[in-house]
Number of protein chains: 2
Amino acid sequence: MSPETLLPPMAAHVLEHGISGVSLRPLAKAAGTSDRMLIYHFGNRQGAIDALLEYLAKLYETGLDSSLPEQRAKNRRETVRQILDVTSTPQLQPFMRLWWEVVAASATGNETFRRSAAAIMGTLLDWLEAHMPEDDPDPRGGARLLLTLIEGSQLLDAVGRADIAEAGLAALEG
Amino acid sequence: MSPETLLPPMAAHVLEHGISGVSLRPLAKAAGTSDRMLIYHFGNRQGAIDALLEYLAKLYETGLDSSLPEQRAKNRRETVRQILDVTSTPQLQPFMRLWWEVVAASATGNETFRRSAAAIMGTLLDWLEAHMPEDDPDPRGGARLLLTLIEGSQLLDAVGRADIAEAGLAALEG
DNA sequence: CTACAAGTGTAGCACTCGCTACAAACGACT
DNA sequence: AGTCGTTTGTAGCGAGTGCTACACTTGTAG
């Protein structure tokens, strides 16, 4: 069984059980193989995690790309909504839970996780810049403002204070 | 040795090594005692973590309160700056690393962590509402907008994209 | 057919984990 | 002096950890 065949079921496992503290034996079982084989294919535990992270990031970005609407919104608030509506979807919740693990690991200085996180932020920023309202006076700065707001909203949602982000968004001009 | 005496060195340990995956023996060693005694005082590992979390939240809130400036800023951007300047201080970095662990645990549904996180957001929101610019047209909504921005900025900082938050903040009106 | 590399199963090592059983020391009170 | 509840040390259990040694099969190339 090749690593490529292994990755999808492994990804499903970490999406359900978390990635930062995942251990080899349950991970291998989820992929129908043994810890012995994971080490063989990925070198060591960290290698497996790195491969998983790369695979999941790709999976997330393509999934996001296909879910986000094509047309631009007519104001900034709606542009934010376009992203939040997609990322709050139930089937993306496992990815969001993973996201917080990635952020936490990034904050401790883990370079693999940080690269992954920075790349995802880059992707989102690109999408935002390309989907700012037609008449926006400052698409470049505006996109960065909105990305900051989006991440803050997702955080407040994660800790059960979505109400704050909701009211904050309502107070955004335009 | 009472639990109250134990908590400060234990808190120092988790501030350095993380709290979500902390194990009893190193934690006990940091406090000059044994795993045996931690179980005795806190019942079990979760009890120790809960007590630590409560202690650390209090510590953080009082530290923040004393570090934040008294007087109001003259515009929203400066209000945000007041908080970001404090939380980006080197000596608060361990608390920020802990914060991401708390958020990640909250996202997985851990109620202890979520309560703690929600309380901290409440404290911050209260401070913001009380420190909005004098002439702000919508202090209530504005404070919520700024809290969302602040959390987003901290996240982007954690993943090494502080540049995005910086530019986003610059694009904020007022 | 043979030789060799890639892949895989079994067993196990040395370690850490949370937690407990048991017993001893200790101080306060009668 | 004796009794009793609180606190502490020692030892260890059963489970899980990452990883390795060794033997074996399998597919492929000469």
Side-chain angles (χ1 to χ4, degrees), chain A residues 1-56 97-98 101-102 104-105 108-113 116, chain B residues 1-56 97-98 101-102 104-106 108-114 116:
Chain A
M1 203 131 49
S2 69
E4 293 77 35
T5 333
L6 259 16
L7 280 174
M10 287 167 67
H13 176 82
V14 301
L15 279 171
E16 185 170 2
H17 299 96
I19 191 172
S20 59
V22 76
S23 52
L24 290 180
R25 267 169 266 240
L27 186 59
K29 189 168 188 177
T33 181
S34 66
D35 57 336
R36 167 71 182 71
M37 289 313 297
L38 294 191
I39 300 282
Y40 175 75
H41 284 304
F42 301 104
N44 52 32
R45 189 188 103 111
Q46 194 56 54
I49 289 181
D50 290 356
L52 266 173
L53 207 53
E54 185 183 358
Y55 176 76
L56 283 161
R97 285 200 298 269
L98 210 63
E101 283 193 72
V102 171
T108 71
N110 184 310
E111 270 311 312
T112 306
F113 281 75
S116 189
Chain B
M1 205 134 46
S2 68
E4 293 76 37
T5 333
L6 259 14
L7 280 174
M10 287 167 67
H13 176 82
V14 301
L15 279 171
E16 185 171 1
H17 298 97
I19 191 172
S20 59
V22 76
S23 52
L24 290 180
R25 267 170 267 239
L27 185 59
K29 189 168 190 178
T33 182
S34 66
D35 56 335
R36 166 72 182 71
M37 288 313 297
L38 294 192
I39 299 281
Y40 175 75
H41 283 306
F42 302 103
N44 51 32
R45 190 186 104 109
Q46 193 54 53
I49 290 183
D50 290 356
L52 266 172
L53 207 53
E54 185 183 359
Y55 176 75
L56 282 161
R97 285 199 298 269
L98 211 63
E101 283 194 72
V102 171
S106 298
T108 70
N110 184 311
E111 270 311 312
T112 306
F113 281 74
R114 180 172 286 205
S116 188

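Remember, predicted model here, so these are calculated numbers, not experimental data. First the proteins, then the strands, lettered A, B, ... as listed; each starts at 1.
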* To do: Could you tell me whether the side chain of A/L7 reaches within less than 4.5 Å of the side chain of A/F42, counting heavy atoms only?
  =>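 Yes. Closest side-chain heavy atoms under 4.5 Å.
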
Margin query: Are A/I49 and A/F113 packed together at the side-chain level, in the sense that at least one heavy-atom pair is separated by less than 4.5 angstrom?
Written below: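 Answer yes - side chains close enough.
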
Proximal nucleotide (of [options]) relative to the [X] side chain:
| X | options | result |
| --- | --- | --- |
| B/Y40 | C/dG12, C/dG9, D/dT7 | D/dT7 |
| B/L24 | D/dG9, D/dC19, C/dC19 | C/dC19 |
| B/H41 | D/dT8, D/dG18, C/dC19 | D/dT8 |
| B/S34 | D/dG9, C/dC19, D/dT20 | D/dG9 |
| A/M37 | C/dG7, C/dC17, C/dA21 | C/dG7 |
| A/R36 | C/dT8, D/dG18, D/dT8 | C/dT8 |
| B/S23 | D/dT20, C/dC17, D/dC19 | C/dC17 |

Spacing of [X] atom [atom1] relative to [N] atom [atom2], expressed in whole Å:
| X | N | atom1 | atom2 | value |
| --- | --- | --- | --- | --- |
| B/K29 | D/dG9 | NZ | P | 14 Å |
| B/I39 | D/dT8 | CD1 | P | 15 Å |
| B/D35 | C/dC15 | CG | C1' | 15 Å |
| A/F42 | C/dG7 | CZ | P | 12 Å |
| A/L38 | C/dT8 | CG | C1' | 12 Å |

Q) Between B/R25 and B/M1, which has a closest nucleotide on DNA chain D that is more 5'? A)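 Mapping each residue to its closest nucleotide by heavy atoms, the 5'-most match is B/M1.
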
With B/R45 as partner, the option from B/L24, B/L38, B/L27 fulfilling side chain to side chain contact (heavy atoms under 4.5 Å, CB included) is B/L24

In this structure, CG of B/L56 is separated from CG of B/L15 (nearest 0.5 Å) by 5.0 Å

Rounded to the nearest 0.5 Å, the CD atom of B/E101 sits from the CG atom of B/N110 at a distance of 11.5 Å

- Message: Under 4.0 Å, heavy atoms only, any strand: does B/N44 hit a base, just the sugar-phosphate, or nothing?
- Response: sugar-phosphate

